[in-house]
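For reference, the structure discussed in these notes is given below.
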2 protein chains.
Amino acid sequence: MLDDLKTILEQKGIIPSYHRIKIYEYLVNNKDHPTADIIYTDMIKQIPTLSKTTIYNTLKTLSGKGLISSITIEDNEVRFDPDTGLHGHFKCLRCGNLYDIELCSTLKNGLSECINSLEMEHRITDSQVYFKGICKKCRT
Amino acid sequence: MLDDLKTILEQKGIIPSYHRIKIYEYLVNNKDHPTADIIYTDMIKQIPTLSKTTIYNTLKTLSGKGLISSITIEDNEVRFDPDTGLHGHFKCLRCGNLYDIELCSTLKNGLSECINSLEMEHRITDSQVYFKGICKKCRT
DNA sequence: ATCATTGCAAACACTTTGCATACGC
DNA sequence: GCGTATGCAAAGTGTTTGCAATGAT
């Protein structure tokens, strides 16, 4: 498992240091879109020497190489997602949870269509769809 | 013009103070999605007594009442848009400009469809679509 | 006179930076 | 031994908060 991740990092041209592998592993195992702070607070239990700077460095490296995507919905927090495939997000304004949303095919088609027409003028590298509201659990 | 804006504020239950009207007016006249800081830097030329706190207070009040929408794409800046209708945004990663994007009808339909299905479980109050890339001017 | 808005300064949270140290090949 | 990753502390940025002053009715 760790070796697999190591290989993935190498393939992307990232030197697979111990910390980088572990942080990437954490993300793959925790798909609830943690913030840098959550990752730090969690991981320091296992790796007490880990510093927040390393977290930030690594997250920047990983997302720079396209291994993870960064999600900005609320202003005051960036979240990270190891799933870089096309999908949407839903943020509950009450509990703060961030859910992955499977986009319906019409929406996916619409996105491609829209991107195609935008590509006439601009170069598009990324697209995001997100929703806000109150989640199932919080509706009461 | 100012009277119109005043009326709009009143209709939303916002006490139409001079500063609030002026800030709202600024947003209506500057649809390039300014940040709080840009608004402040610009407006202080006309209203030297204006403070940043008032900008923040007013922006929060206006967006809380649904008069403007706040756009979070990059982590370190919130931008404000007086156009609350359904449309997308495109952020140029090079020059930082934020463009309004007209969404194609397939995409709009896909959004409604997706929201409808989400509404089975959650309550959806807001949706956003945005793109990132390099804009026409920056492509060279 | 009362109540809400305003403005300053300090506090805050998150992230980045500079630089010295430690690690791995 | 060299080059890169790491870690600490400090600086930076954008935003919020507490509280006193101001303003409007």
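Labels below follow one simple rule: chain letters A, B, ... track the order of the sequence lines, proteins then strands, and each chain is numbered from 1. Just the heavy atoms: all of them, side chains too, but no hydrogens, waters or symmetry mates, feed the values below. What you see is a predicted model; the values in this text were computed from it and never measured.
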Original post:
Around Lys65(B), counting heavy atoms of other residues, nucleotides and ligands shown, do more than 12 lie under 6.0 Å from its NZ?
Top reply: no

Original post:
If you take all heavy atoms of Ile115(A) and Ser127(A), which pair is closest and at what distance?
Top reply: CD1-OG, 4.0 Å

Original post:
In residues 18-44 of chain A, what residues come within less than 4.0 Å of DNA chain D, judged by heavy atoms?
Top reply: His19(A), Arg20(A)

**OP:** May I ask you to check whether Thr35(A) and Glu77(A) show a side-chain donor-acceptor distance below 3.5 Å?
**Re:** no

Subject >> Contact pattern, 5' to 3', of nucleotides 19-25 of chain D - B, S or - by protein heavy atom under 4.0 Å >> reply: -------

**OP:** Would you indicate whether Lys132(B), at its atom NZ, is surrounded by more than 12 heavy atoms from other residues, nucleotides or ligands within a distance under 6.0 Å?
**Re:** yes

**OP:** Compute the angle between the rotation axes at the two ends of the helix from dA1(C)-dT25(D) to dC25(C)-dG1(D), each taken over five pairs, rounded to 10 degrees.
**Re:** 20°

Original post:
So does Lys52(B) pair up with Asp37(B), basic N to acidic O under 4.0 Å?
Top reply: yes

Original post:
First and last nucleotide of DNA chain C in contact with chain B, 5' to 3', at under 4.0 Å to a heavy atom: what are they?
Top reply: dA4(C) to dA9(C)

Original post:
Rest of the hydrophobic cluster containing Ile15(A) (Ile/Leu/Val/Met/Phe/Trp/Tyr, side-chain heavy atoms under 4.5 Å)?
Top reply: none

Original post:
Looking at CZ of Phe90(A) and CG of Asp126(B), how far apart are the two atoms once the value is rounded to the nearest 0.5 Å?
Top reply: 10.5 Å

Original post:
Can you check whether Arg20(B)'s main-chain N or O pairs, donor with acceptor, with Thr58(B)'s side chain at less than 3.5 Å?
Top reply: no

Original post:
Going by the angle between their ring planes, with limits at 30° and 60°, are Tyr99(A) and His122(B) parallel, tilted or perpendicular?
Top reply: tilted

Subject >> Any residue of residues 50-70 of chain A with a heavy atom less than 4.0 Å from an atom of DNA chain C >> reply: Thr53(A), Tyr56(A)

**OP:** Could you tell me whether the side chain of Ile23(B) reaches within less than 4.5 Å of the side chain of Tyr40(B), counting heavy atoms only?
**Re:** no

Original post:
Do Asn57(B) and His19(B) get their side chains close enough for a donor-acceptor pair, meaning under 3.5 Å?
Top reply: no

**OP:** Classify the side-chain pair Asp81(A)/His89(A) by whether it contains a donor and acceptor separated by less than 3.5 Å.
**Re:** yes

